[in-house]
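Okay, so here's the structure we're looking at.
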Protein chains: 2
Amino acid sequence: MTRWTLPPEQIPSAWFNIVPHLTTPPQPPLHPGTREPVGPDDLAPLFPMSLIEQEVSTEPWIDVPGEVLDILKLWRPTPLVRATRLEKALGTPARIYFKDESVSPSGSHKTNTAVAQAFYNAREGTGRLTTETGAGQWGTALAFASAQFDLELKVYMVRASYEQKPYRRVAIETWGGAVVPSPVDEPDQPGSLGSAISDAVRDCVGRDDTHYALGSLLNHVLLHQTVIGLEAKEQLAVAGERLPDVVVAPCGGGSNLGGIAFPFVPDPDVRLLAVEPLSCPTLTQGRYDYDFGDTAGLTPLMPMYTLGHDFVPPSIHAGGLRYHGDSPLVSSLVKDGRMEAVAYPQGKVFEAAVQFARAEGKIPAPECSHAIAATIDEALAAKETGEEKVILFNYSGHGFLDLAAYDDYNNGRLTDEMG
Amino acid sequence: MTRWTLPPEQIPSAWFNIVPHLTTPPQPPLHPGTREPVGPDDLAPLFPMSLIEQEVSTEPWIDVPGEVLDILKLWRPTPLVRATRLEKALGTPARIYFKDESVSPSGSHKTNTAVAQAFYNAREGTGRLTTETGAGQWGTALAFASAQFDLELKVYMVRASYEQKPYRRVAIETWGGAVVPSPVDEPDQPGSLGSAISDAVRDCVGRDDTHYALGSLLNHVLLHQTVIGLEAKEQLAVAGERLPDVVVAPCGGGSNLGGIAFPFVPDPDVRLLAVEPLSCPTLTQGRYDYDFGDTAGLTPLMPMYTLGHDFVPPSIHAGGLRYHGDSPLVSSLVKDGRMEAVAYPQGKVFEAAVQFARAEGKIPAPECSHAIAATIDEALAAKETGEEKVILFNYSGHGFLDLAAYDDYNNGRLTDEMG
């Protein structure tokens, strides 16, 4: 047996809150004007109250509403797959498992929080959402979820991705969302997640009918993603494994990483590994400090690893990982030594992606391929030592909408030197 | 419950052969030169002997080899999904189910036969395959399967699709296949499946190390697809349904249609409905006659509905349905009145596709969307009569690689007048 599914009634009915498990209690975000800790009222123009409560909650578990479960059931629980063909190609004694989040309607893990955020906004009377998107995985996920709750949606898409990945724009429009390239005021700039956040927040604060939705970074976003790790834990047990030796995930803002890794934080023997692009090495080369979440300095200051809110990463193909900062919760785990981080160059990432595609059949998104590159290195290290290591990685999304990047790689137009 | 999965060990272990269930025994294909019935020796330059035996078999069941099952288990059994959100949007008392073949590595049902064909070729010592592809769904499927068995692959891609759908070419190349646009000798022609078959057959017959693989039309191809209908029957029973009132599938060469419909042929109360594009109306407007499978007249003559082997359909977006002929087995069922056929124009097909995407979250391939358009009409007819009809359709593939077509539709550049 190499693939484990669970029936829809086994989707976790509560999200796992990492906060009670942190060694260092989280520091509060600071108001961008006063630099005082922000309270719920400061966030109310942006988010519905339920999400603000989740953002600061210290409860260990938070119930998933039935309306959210009803939609998650369209594709969850996602399969846990053992990559036996990749193991064989590598000649490793390691057992490699991946959690296949690519089966969601929009093709990535982002739908998990998109549905929850759309639900809470709809319930509290929001009629319209604004958001940013990098590679387009978050924008497509929120467009799908907004259609489910009849919410109007405007997506500010990082211009580099808008131009490189027209198909994700079309998918957003097909689900009924509107898309504009960002930065809106600087048509010559490739943009970044930071600048797109600024555009989306500006559009939101001026209108009473509008809230803003963020696809990563914040505590409530990572909370909604913990269904990934909770299901994986259950499925590994069904597969006859105790616990993984290492959990690997790509890291941009931290949402798919937090989703798969947080439920394993209380298990001290499980290593947790964040994988980021060498061209945007937030956790491996950034400083831990308070910084803005966006380029213009409109958002609260957050305690996190950052390359500086004015950092504009090169236009690499893993657009979802082009972000100057990182989730405060992920940053806290790295700072406290509970989580490790490594950085990979693009060429090596695509080499791993193609090896995976030929072995396992699935073409991964460039973001996801960072985890595959690190997984292969972990498996090769196990081959050296002969260790029967259990590796679990997050297959966070498919690469069907990123094939232009594969075309570049297949034809030698994408190398490590490019980032 | 709205989604039914089955464990991997419940993949059907034998394929269902429709031949013993036909009212009229199948007529043999004729040699293109002598016009005498072709024998196994005539086909040996093209196909391995195991597939030739399956092509003419009258056994009711044919075992699926373990090596094939091992690969099918990567994604099969595929889910059966009840489209409750679409039912609600339509206000129909009908219960709509779809079999989700889009979860395969290449995103369509084509992988079912690709794996079997690659296996038999590899077992009999073939080192290299040639094939044609229309929209690219068959080419990507065979590229995935060829990588699993270390077979070299050359794909002749209909030029209209090669230019409209570069992503599928990139996917084929990522799995290790080579792609050239067809017709190779006429660079100004948009091509058709018929001309691409000619190119692929020409490449095959000249080389001892090479066999040819076809993605639809032939008896053994449709045989391999019957896992779809067999699983669906099992899953409908688990879902508490007796039998569907109608089974709906798009029809180009007939492979996904045969796959879902053949296992229901012995159930006389189940209506079977083929849906084709109005611009290539083989079953609804073609004549039943012996005709070549390709444009150049290199293949055997087959008894089938045909628009004439020199028919070049317009460059519609459902490239997989642009074929002048139809499976002899499907043709026989239509001729004998056991199967119905309808034709839909492009605009109506995309209107249905967008309605489905917003309701159910999944963006369908244009080919698949033909079945959705007909399903919606069946469901609306049930609304008129108040009948609690059970409709099963084949969700034959996703549309992530067809988003250029959606862009045309979303922006009013794709209408019924275009085919």
Side-chain angles (χ1 to χ4, degrees), chain A residues 1-9 70-71 73-77 79 81 84-85 100 102-107 111 115 140 143-145 147-148 150 166-171 173-176 350 353-354 357-363 398-411, chain B residues 1-9 70-71 73-77 79 81 84-85 100 102-107 111 115 140 143-145 147-148 150 166-171 173-176 350 353-354 357-363 398-411:
Chain A
M1 183 109 147
T2 56
R3 191 166 56 99
W4 292 267
T5 53
L6 294 172
E9 54 278 18
D70 272 350
I71 298 175
K73 277 175 191 162
L74 289 173
W75 72 96
R76 299 206 75 86
V81 184
T84 50
R85 288 169 170 74
D100 187 1
S102 76
V103 299
S104 86
S106 66
T111 32
V115 172
T140 49
F144 153 71
Q148 290 291 323
D150 281 327
Y167 276 24
R168 286 224 171 83
R169 166 185 61 75
V170 180
E173 291 167 348
T174 300
W175 276 307
F350 275 88
V354 171
R358 293 191 185 176
E360 293 293 325
K362 298 175 78 81
I363 298 180
H398 65 62
F400 285 124
L401 302 187
D402 303 287
L403 283 164
Y406 281 87
D407 203 24
D408 285 347
Y409 176 76
N410 292 340
N411 291 287
Chain B
M1 184 110 145
T2 55
R3 190 166 57 97
W4 291 268
T5 53
L6 294 171
E9 54 279 16
D70 272 351
I71 298 177
K73 277 175 191 163
L74 290 174
W75 73 96
R76 302 206 73 87
V81 185
T84 51
R85 288 169 170 73
D100 187 1
S102 76
V103 300
S104 86
S106 66
T111 33
V115 171
T140 50
F144 153 72
Q148 291 291 321
D150 281 327
Y167 277 23
R168 286 224 172 84
R169 166 185 62 75
V170 180
E173 291 166 348
T174 299
W175 276 307
F350 274 88
V354 171
R358 294 192 184 174
E360 293 293 323
K362 298 176 78 80
I363 298 179
H398 65 61
F400 284 125
L401 301 185
D402 303 287
L403 283 165
Y406 281 88
D407 204 24
D408 285 347
Y409 176 75
N410 293 339
N411 291 287

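Sequence lines set the chain letters: A, B, ... in the order given, protein chains first and strands last, and positions in each chain run from 1.
- Ranked by heavy-atom pairs shorter than 4.5 Å toward chain B, the options A/Pro7, A/Ala147, A/Pro8 are led by A/Pro8.
- Ranked by heavy-atom pairs under 4.5 Å with chain B, the list A/Asn411, A/Val81, A/Thr111, A/Ile363 is led by A/Ile363.
- Using a 4.5 Å cut-off between heavy atoms, B/Tyr167 contacts chain A through both its backbone and its side chain.
- Within the model, atoms OH of B/Tyr409 and CG of B/Asp402 stand 15.5 Å from one another, a figure rounded to the nearest 0.5 Å.
- Heavy-atom distances place the side chain of A/Glu9, and not its backbone, under 4.5 Å from chain B.
- Between the side chain of A/Trp175 and the backbone N or O of A/Thr140 there is no donor-acceptor pair closer than 3.5 Å.
- Both the backbone and the side chain of A/Asp407 come within less than 4.5 Å of a heavy atom in chain B.
- Rounded to the nearest 0.5 angstrom, B/Leu401 CG and B/Arg168 CZ are separated by 4.5 Å.
- Using a 4.5 Å cut-off between heavy atoms, A/Ser106 contacts chain B through its backbone alone, with no side-chain atom that close.
- A/Thr5 touches chain B through its side chain: at least one heavy atom from C-beta onward sits under 4.5 Å away, while N, CA, C and O do not.
- Proximity to chain B involves both the backbone and the side chain of A/Asp70, based on heavy atoms less than 4.5 angstrom apart.
- Between the side chain of B/Arg3 and the backbone N or O of A/Lys73, at least one donor-acceptor pair lies under 3.5 Å.
- The two residues B/Arg358 and A/Thr174 have their closest heavy-atom pair at NE-O, 2.8 Å.
- If you measure heavy-atom distances from A/Phe400 to chain B, the contacts under 4.5 Å come from both the backbone and the side chain.
- By number of non-hydrogen pairs under 4.5 angstrom with chain B, the leading residue of A/Asp100, A/Val103, A/Ile71 is A/Ile71.
- Among B/Leu74, B/Val354, B/Thr2, the residue making the largest number of heavy-atom pairs under 4.5 Å with chain A is B/Leu74.
- Remark: the B/Arg85 side chain and the A/Gln148 side chain contain an N/O donor-acceptor pair separated by less than 3.5 Å.
- Note that the CG atom of B/Leu403 and the NE2 atom of B/His398 stand 10.0 Å from one another [nearest 0.5 Å].
- For the residue pair B/Gly361 and A/Pro105, the shortest heavy atom distance occurs at O-CB, 3.3 Å.
- Residue A/Ala143 does not touch chain B at all, counting heavy-atom pairs closer than 4.5 Å.
- Contacts of B/Trp4 with chain A are absent, with no heavy-atom separation under 4.5 Å from either backbone or side chain.
- Distance check: A/Trp75 CH2 to B/Lys362 NZ gives 10.5 Å after rounding to the nearest 0.5 Å.
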